[in-house]
Amino acid sequence: MKFDLGRRLLRSAPDGAGIGSASPRRSALAGGLVLLLMLLTGWGWAVSSPLESSPDDDYHLGSIWCPRPVNSSCETSVVDGKPVVRVPVAVADSSMRCFVFQPDKSAACTLGYDDNKMVWSTRYDDGGYPVGYYRFHHLLIGEDVQTSALVMRGVNVLISVFLLGSVGFCSPQRLRRPFIAAIMASWVPMGIYFIASNNPSSWAVSGLLVYSSAMYMATQQEGRARIALMLCAIAGAGMCVASRYDASFYLLVVGLAILLAVRWTRQRWPELCLVVGAAFVGVCSMMLSSHVADVADPAKGPVEQQSFLEKLIVGIETAPKYLGGFWGHAWNPGWTDIPLGVRSPFILTVMAAGAFVAIALRRGGWRKWLVLVTLIGAIVGLPAVFHANGAFEVIDAYQARYILPLLAPTFFFALALDQDEEAWFTVPQAVWIVVCGALCQTISLHTTLLRYVHGIKEPWELNLNEKIEWWWSVPVSPMMVWFITTCTATAAFGIIMSMLTRRVERQSS
């Protein structure tokens, strides 16, 4: 069954290949079903945690309620010598202290806040983040704080699914397998968790994959599909620039990879201009950050006990930990206080991702290897360099989620360049990957819900509906959310892997 999110805009790419022999209607139905399942899975994760439960949510929600220029959006003052803004008590920096970093406590203490009660908060954006993400979500604020936060999360999931679906719909058929495989290999569970959160990392994670895949696909496509892909790339780049300054810098990293990956011709000058322009805008945007000086100043901090080279080597040696962190090792969901390590479900997706790595390394030319050196070099090198120059005295302070956006583009290029056209997996291998992904998603979501609904205590409560301490004011129970999300995610994994077990056959030109 081929991956098609609708009827093809073109009969095929110039050097395209078909996947299987399913009818366009069946392919469109399968693609549409995958998108629906992805949407439902994302929404399930969106309601699995309370307000202010993702990293620095007090800062990000305060910035959403009071985006820059702060004076025009909120009441401001100075308390104890610190500038403050007036926000609803539910999003203030003091409201989450009763449960954050205390995994044995549920989020029950956050219930019952009066949305009309306003308090002062020191946590808001003063230039450390781009204003676009905050300005957009400020438009979604309603009278009820809890509902507003849920709407924002739901919209983040909707934007991600819509853009990913648009890229898949317009892509050359031979590049659809690498595209969906990159999502499968990279985003379970941490990618899904962040996309469905109030954190700006939501746009960084999905936006960078949309940009990198759509931009490369545009160079392999013609006609209206080519134009549509370029528009998707612009949207993805805009999400990166609007969300995080480090994501803006990644436009340069991915841009270098695209320059190496593509055989440029005169007909591709619009794509070339877009790649160069996005990289330039990304670097300029990054330079606006108030944190640039902290990262670039090697003299910052106490007298060093190790040389730059010694600390650089330590940073490089930490790379395996960062790689594990992309799937939840060491850097867990929440304020890293959801104890996934107790059951370690991320081991399953690490093994599944390894299967995709093996497929990617079956063949490749010099372009592919240079692209991978560029992307993997950034993933490994950035934490090491920041630690070596003193920007992060403790290397773990530079969290894996900061470079998580680069993971899916790396898988995409590894699988798309010099693609192996034979069947990727046998049926038993595909079943194994589905089982790994589904179990990881199931255990991770249950642990997340348990942490906030009950608190993590021994013995673990398997029935989430038993003595509920925290939950949203919705008619769906925690156990039902877990069950439905598990079913939708498992079904999505199954359909995706069925697409990756079909043999690709060359069409006659």
Side-chain angles (χ1 to χ4, degrees), residues 13-15 17 167 171-172 174-187 191 204-221 226 229-230 232-233 236-237 240 246-265 268-269 271-280 282-283 316 319 322-323 326 353-385 403-421 424:
D15 57 342
V167 172
S171 65
R174 65 184 178 83
L175 293 178
R176 288 169 181 164
R177 288 202 305 181
F179 180 59
I180 60 174
I183 296 173
M184 178 81 176
S186 306
W187 285 358
V205 171
S206 56
L208 192 65
L209 177 60
V210 169
Y211 169 74
S212 56
S213 58
M215 193 71 262
Y216 176 74
M217 289 175 179
T219 66
Q220 311 297 307
Q221 191 61 288
R226 176 189 179 189
L229 286 167
M230 293 178 68
C232 288
C240 293
D246 48 9
S248 299
F249 174 74
Y250 297 154
L251 294 176
L252 172 62
V253 177
V254 171
L256 292 174
I258 295 174
L259 290 176
L260 292 169
V262 176
R263 295 176 176 84
W264 296 99
T265 62
R268 298 299 172 184
W269 67 265
E271 289 91 336
L272 180 60
C273 291
L274 184 54
V275 169
V276 174
F280 177 78
V283 171
I316 294 174
Y322 273 94
L323 294 177
F326 292 148
F356 290 98
V357 172
I359 294 296
L361 298 181
R362 288 204 298 205
R363 57 186 293 181
W366 66 269
R367 290 182 182 275
K368 179 174 183 174
W369 306 131
L370 286 180
V371 167
L372 293 182
V373 166
T374 300
L375 294 173
I376 297 175
I379 290 173
V380 174
L382 287 175
V385 170
I403 45 178
L404 174 62
L406 283 171
L407 182 63
T410 301
F411 269 102
F412 171 73
F413 284 111
L415 293 165
L417 299 178
D418 303 310
Q419 182 184 160
D420 194 327
E421 296 168 4
W424 282 8

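Please read these numbers as outputs of a predicted model, since none were measured by experiment. Below, all heavy atoms of this structure are taken into account, side chains as well, without hydrogens, waters or symmetry copies. Position 1 is the first residue of the sequence; numbering continues from there.
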(Q) Nearest 0.5 Å, please: how far is CG in Leu175 from CD1 in Ile180? (A) 12.0 Å

Q. Taking the side chain as C-beta and beyond, is there a heavy-atom pair between Tyr250 and Leu382 under 4.5 Å?
A. yes

Q: Determine which pairs satisfy side chain to side chain donor-acceptor pair (under 3.5 Å) with at least one residue from residues 366-385, sequence neighbours left out, and list them in order.
A: none

Q: Quick one: closest heavy-atom pair of Ala204 and Cys240, and the distance?
A: O-SG, 4.4 Å

Q | Any donor-acceptor pair under 3.5 Å from Gln419 side chain to Pro178 backbone | A | no

Q.
If the condition is ring-ring contact (aromatic ring centres under 6.0 Å, His included), which residues does Tyr216 pass it with, not counting sequence neighbours?
A. Phe413

Q. Are the side chain of Arg268 and the backbone of Arg263 linked by a donor-acceptor contact shorter than 3.5 Å?
A. no

**Q.** Ala414 versus Ala360, closest heavy-atom pair with distance
**A.** O-CB, 3.5 Å

Q.
Quick check for you: to the nearest 0.5 Å, what is the distance between Ile376 atom CD1 and Leu323 atom CG?
A. 8.5 Å

(Q) Taking side chain to side chain donor-acceptor pair (under 3.5 Å) as the definition, give me every residue that meets it alongside Thr410, ordered by chain and number, with sequence neighbours left out. (A) none

Q: Give the minimum heavy-atom separation between Ala278 and Tyr211, together with the two atoms involved.
A: CB-OH, 3.5 Å

(Q) Going by ring-ring contact (aromatic ring centres under 6.0 Å, His included), name the residues that satisfy it together with Phe356, two or more places apart in sequence or in a different chain. (A) Phe425

Q | Where Ser171 and Met217 come nearest, the two heavy atoms and their spacing | A | CB-SD, 3.1 Å

Q. Could you state the interatomic distance from CZ (Phe411) to CG (Leu406), rounded to the nearest 0.5 Å?
A. 12.5 Å

Q. Where the side chain of Asp418 meets the backbone of Arg363, is there a donor-acceptor pair that is under 3.5 Å apart?
A. no

Q. Given Met215 and Val275, is the side-chain contact (heavy atoms from CB on, under 4.5 Å) satisfied, shown in steps?
A. CA-CA 8 Å; Met215 193 71 262; Val275 169; 3.5 Å; yes

Q: May I ask you to test the Leu209-Val205 pair for a side-chain heavy-atom distance under 4.5 Å?
A: no

Q. Which value, rounded to the nearest 0.5 Å, describes the distance between Trp269 atom CH2 and Leu274 atom CG?
A. 11.0 Å

Q) Within the side chain of Ser186, is there an N or O that forms a donor-acceptor pair under 3.5 Å with the backbone of Ile183? A) no

Q | Leu251 vs Leu208, side-chain contact (heavy atoms from CB on, under 4.5 Å): CA-CA, chis, key distance, verdict | A | CA-CA 7 Å; Leu251 294 176; Leu208 192 65; 4.1 Å; yes

(Q) Checking Val373 now: which residues fulfil side chain to side chain contact (heavy atoms under 4.5 Å, CB included) with it, not counting sequence neighbours? (A) none

Q. Which pair of non-hydrogen atoms, one from Val210 and one from Cys232, has the smallest distance, and what is that distance?
A. CG1-O, 3.4 Å

Q: Test Ile379 against every option in Leu404, Val253, Ile403 by the side chain to side chain contact (heavy atoms under 4.5 Å, CB included) rule and name the one that passes.
A: Ile403

Could you pull out all donor-acceptor pairs under 3.5 Å where a side-chain atom in residues 254-261 meets a protein atom, sequence neighbours excluded?
none

Q: Nearest 0.5 Å please: distance from the CD1 atom of Ile359 over to the CZ atom of Arg177.
A: 8.5 Å

